[in-house]
Amino acid sequence: MYQHIVVAADGSDNAFRAATEAAKIAKLSNGRITIIYVADFEKSKTDVLHATSAESLYMERRKKLSNIENLLREQQIPYKIEILRGIAGPEIINYTNNNAVDLVVIGSRGLNSLQEMMLGSVSHKVLKRVNCPALIVK
């Protein structure tokens, strides 16, 4: 079934809902989850300038994923976190297609308010270009 599930997360409520669905699937299939957080190039510049150290920057990014980590720990689902750098859509696609992923789960919209009226551009790109099944959660 789905042994390796990827959840794309950005700290949004939609990402948490996606992780909740991924957790249900992982529990049923005895799978493991990789949480992917992509540090966007444009935002990274500002984040780096305001960070006091590389460690504080890393911790700030991890904090955005803490609710998902807590969910997976509570349900005793094995997981790991991958923090990637680049543009979200291509990085998620690249990771998914090159790491024997069985299912990718992503929220329908992320933190970008310009995409509120349609399926988010990142989720749309991922859906079209990954080589495995994709679940879009709204």
Side-chain angles (χ1 to χ4, degrees):
M1 189 128 199
Y2 300 116
Q3 293 302 301
H4 185 196
I5 301 168
V6 162
V7 175
D10 61 1
S12 68
D13 290 339
N14 281 319
F16 183 75
R17 283 193 293 276
T20 301
E21 294 303 313
K24 291 176 189 176
I25 295 167
K27 200 80 162 161
L28 289 172
S29 64
N30 201 26
R32 70 186 192 286
I33 292 178
T34 299
I35 304 165
I36 294 179
Y37 175 86
V38 180
D40 186 307
F41 280 138
E42 294 302 315
K43 294 177 186 172
S44 295
K45 294 174 189 173
T46 305
D47 292 346
V48 169
L49 288 173
H50 290 91
T52 56
S53 69
E55 180 66 23
S56 70
L57 180 60
Y58 176 76
M59 293 309 292
E60 192 63 35
R61 290 173 175 163
R62 286 288 301 258
K63 191 188 310 181
K64 292 179 182 180
L65 306 176
S66 63
N67 58 349
I68 295 173
E69 281 191 272
N70 291 338
L71 169 76
L72 298 177
R73 263 193 234 112
E74 286 171 8
Q75 296 192 21
Q76 299 177 342
I77 297 170
Y79 72 93
K80 70 176 183 173
I81 294 176
E82 292 284 341
I83 297 180
L84 309 175
R85 286 155 193 79
I87 300 169
E91 290 299 324
I92 295 165
I93 294 162
N94 186 48
Y95 183 91
T96 301
N97 288 344
N98 292 313
N99 286 282
V101 173
D102 299 311
L103 175 69
V104 62
V105 183
I106 189 169
S108 61
R109 293 183 197 94
L111 293 173
N112 186 339
S113 61
L114 297 174
Q115 300 165 354
E116 288 298 317
M117 298 302 289
M118 64 183 99
L119 182 65
S121 64
V122 173
S123 53
H124 184 79
K125 287 175 189 170
V126 169
L127 178 66
K128 286 175 50 177
R129 294 186 177 101
V130 292
N131 296 330
C132 66
L135 173 62
I136 307 290
V137 179
K138 62 178 191 168

Nearest non-hydrogen partners of Val126 and Gly89, listed with the distance: CG2-O, 4.2 Å
Short side-chain to backbone donor-acceptor contact, Asn97 and Arg129, under 3.5 Å: yes
Side chains of Arg73 and Tyr79 in contact at under 4.5 Å (non-hydrogen atoms): yes
Donor-acceptor contact below 3.5 Å, side chain Asp10 vs main chain Ser12: yes
Gap between atom CD1 of Ile81 and atom CD of Glu69 - 0.5 Å precision: 3.5 Å
side-chain contact (heavy atoms from CB on, under 4.5 Å) evaluation trace for Arg62 with Ile83: CA-CA 9 Å; Arg62 286 288 301 258; Ile83 297 180; 4.2 Å; yes
Report all side-chain donor-acceptor pairs from residues 15-28 shorter than 3.5 Å, counting only partners two or more places apart or in another chain.
unit_1 : atom_1 : unit_2 : atom_2 : d
Arg17  : NE     : Lys138 : O      : 3.4
Arg17  : NH2    : Asn14  : OD1    : 2.2
Thr20  : OG1    : Phe16  : O      : 2.9
Glu21  : OE2    : Lys24  : NZ     : 3.0
Lys27  : NZ     : Gln75  : O      : 2.5

Test log, rule side-chain contact (heavy atoms from CB on, under 4.5 Å), inputs Tyr95 and Val38: CA-CA 11 Å; Tyr95 183 91; Val38 180; over 6 Å; no
Sub-4.5 Å side-chain heavy-atom contact between Lys80 and Arg32: no
Heavy-atom pair with the smallest gap, counting every atom of Ala9 and Ile68: CB-CD1, 3.7 Å
Distance in Å, Leu65 CG paired with Asn70 CG, rounded so as to fall on 0.5 Å steps: 11.0 Å
Side chain proximity check, Ile106 to Ile136, heavy atoms < 4.5 angstrom: yes
Separation between CD1 of Ile93 and CD of Glu91, rounded to the nearest 0.5 Å: 10.0 Å
Considering all heavy atoms, the nearest Ala8-Ile92 contact: CB-CD1, 3.6 Å
Contact summary for Ser108 and Ser123, nearest pair of heavy atoms: O-OG, 3.1 Å
Main-chain N/O of Asn94 paired with Asn98 side-chain donor or acceptor, under 3.5 Å: yes
Option passing side chain to side chain donor-acceptor pair (under 3.5 Å) with His4 (candidates Thr34, Asp102, Thr96): Thr34
Side chains of Ile35 and Leu72 in contact at under 4.5 Å (non-hydrogen atoms): yes
Residues in side chain to side chain donor-acceptor pair (under 3.5 Å) contact with Gln3, at least two apart in sequence or another chain: none
Partner set under side chain to side chain contact (heavy atoms under 4.5 Å, CB included) for Pro133, not counting sequence neighbours: Tyr2, Leu103
